Amino acid sequence: MPHRSRLSILLLDLPPEHHAAGTAFWAGATGRPAQPDADDAGWASLGSFADGWHVEVQRTGEGTPPRWHVDVETDDIPAEVARLEALGATLHRDMGSFWQLLDPAGLVFCVVGVQTGDEFARHAVAWP
């Protein structure tokens with residue numbers, strides 16, 4: 001059965017000591033106000049950019065280095081993980097409701113369920 005996926009979210013992973021300054025910097029750099037998540041103080045959104053590409057700021061735990069990572073959203077997580085493994089990705093961590101993988105160079109990315117609604121429907125690629 002075919003499934004769909006797309007690169008949808010750029011996450012700025014910032015440890016607690018860098019979170020406030022990093023959030024303020026990227027809000028200023030993009031000209032977008034950082035909208036805190038009402039349910040999770042560790043998240044703020046800079047909103048949707050071209051083609052529904054989102055930029056989010058995530059507060060990570062102590063000891064996590066600052067980094068960027070992308071989310072691949074999909075309507076079928078197991079199928080998308082298998083497709084990406086066939087391309088050379090490796091499983092890194094089962095996060096419960098999503099997977100953290102590594103690309104062939106060791107860069108972290110996540111495969112998550114659909115998070116952008118109508119933008120997913122407009123921009124996702126269908127895979128056989």
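Keep in mind the model is a prediction, meaning the values are calculated, not measured. The analysis underlying the following values was restricted to heavy atoms, covering all of them including side chains, and did not include hydrogens, waters or symmetry mates. The first residue of the sequence shown is numbered 1, and numbering continues consecutively from there.
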If you define the side chain from C-beta out and look only at heavy atoms, does anything of [X] sit under 4.5 Å from [Y]?
X	Y	answer
Pro15	Pro66	yes
Thr90	Glu85	no
His18	Arg59	no
Thr30	Val55	no

For [X] and [Y], work out which heavy atoms get closest and say how close.
X	Y	result
Ser97	Ile77	O-CD1, 3.4 Å
Thr116	Ser8	CG2-CB, 4.5 Å
Gln115	Glu73	N-OE1, 2.6 Å
Ala79	His3	CB-ND1, 3.6 Å
Ser5	Val72	CB-CG1, 4.1 Å
Cys110	His69	SG-NE2, 3.7 Å

Set of residues satisfying side chain to side chain donor-acceptor pair (under 3.5 Å) with respect to Thr23, sequence neighbours excluded
none
With Ser48 via side chain to side chain donor-acceptor pair (under 3.5 Å) - residues at least two apart
Glu119
Hydrophobic cluster partners of [X] (side-chain heavy atoms under 4.5 Å):
X	result
Leu102	Val108
Trp43	Ile9, Leu11
Phe98	Met95, Val112
Trp127	Val125

Just to verify, what does Trp26 make a ring pair (Phe, Tyr, Trp, His ring centres under 6.0 Å) with, not counting sequence neighbours?
Trp68
Applying salt bridge (charged side-chain N to carboxylate O under 4.0 Å, His left out), can you list everything that pairs with [X], at least two apart in sequence or on another chain?
X	result
Arg32	none
Arg83	Glu80
Asp75	Arg4
Asp71	none

If you count every heavy atom of other residues, nucleotides or ligands that lies below 6.0 Å from Asp40 atom CG, does the total exceed 12?
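Yes, because the 6.0 Å sphere around CG of Asp40 holds more than 12 heavy atoms from other groups.
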Write out all pairs satisfying ring-ring contact (aromatic ring centres under 6.0 Å, His included) with one or both partners inside residues 102-124, taking only residues at least two apart or from two chains.
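Sorted pair list comes back empty.
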Say whether, by atom type as modelled, one donor and one acceptor occur between the side chain of Asp51 and the main chain of Trp53 under 3.5 angstrom.
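A pair under 3.5 Å: no.
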Assess, by modelled atom type and distance only, whether the side chains of Ser45 and Gln35 contain a donor and an acceptor separated by less than 3.5 Å.
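No pair is found: no donor N or O on one side chain lies under 3.5 Å from an acceptor on the other.
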Test Thr60 against Leu14 for side-chain contact (heavy atoms from CB on, under 4.5 Å), laying out the working first.
CA-CA 6 Å; Thr60 58; Leu14 302 174; 5.6 Å; no
For residues Leu46 and Val70: do they belong to one hydrophobic cluster (side chain heavy atoms under 4.5 Å, members Ile, Leu, Val, Met, Phe, Trp, Tyr)?
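Same cluster: Leu46 reaches Val70 through Ile, Leu, Val, Met, Phe, Trp or Tyr contacts under 4.5 Å.
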Decide whether Leu12 and Leu107 are clustered together by the hydrophobic rule: side chain heavy atoms of Ile, Leu, Val, Met, Phe, Trp, Tyr closer than 4.5 Å, transitively.
no
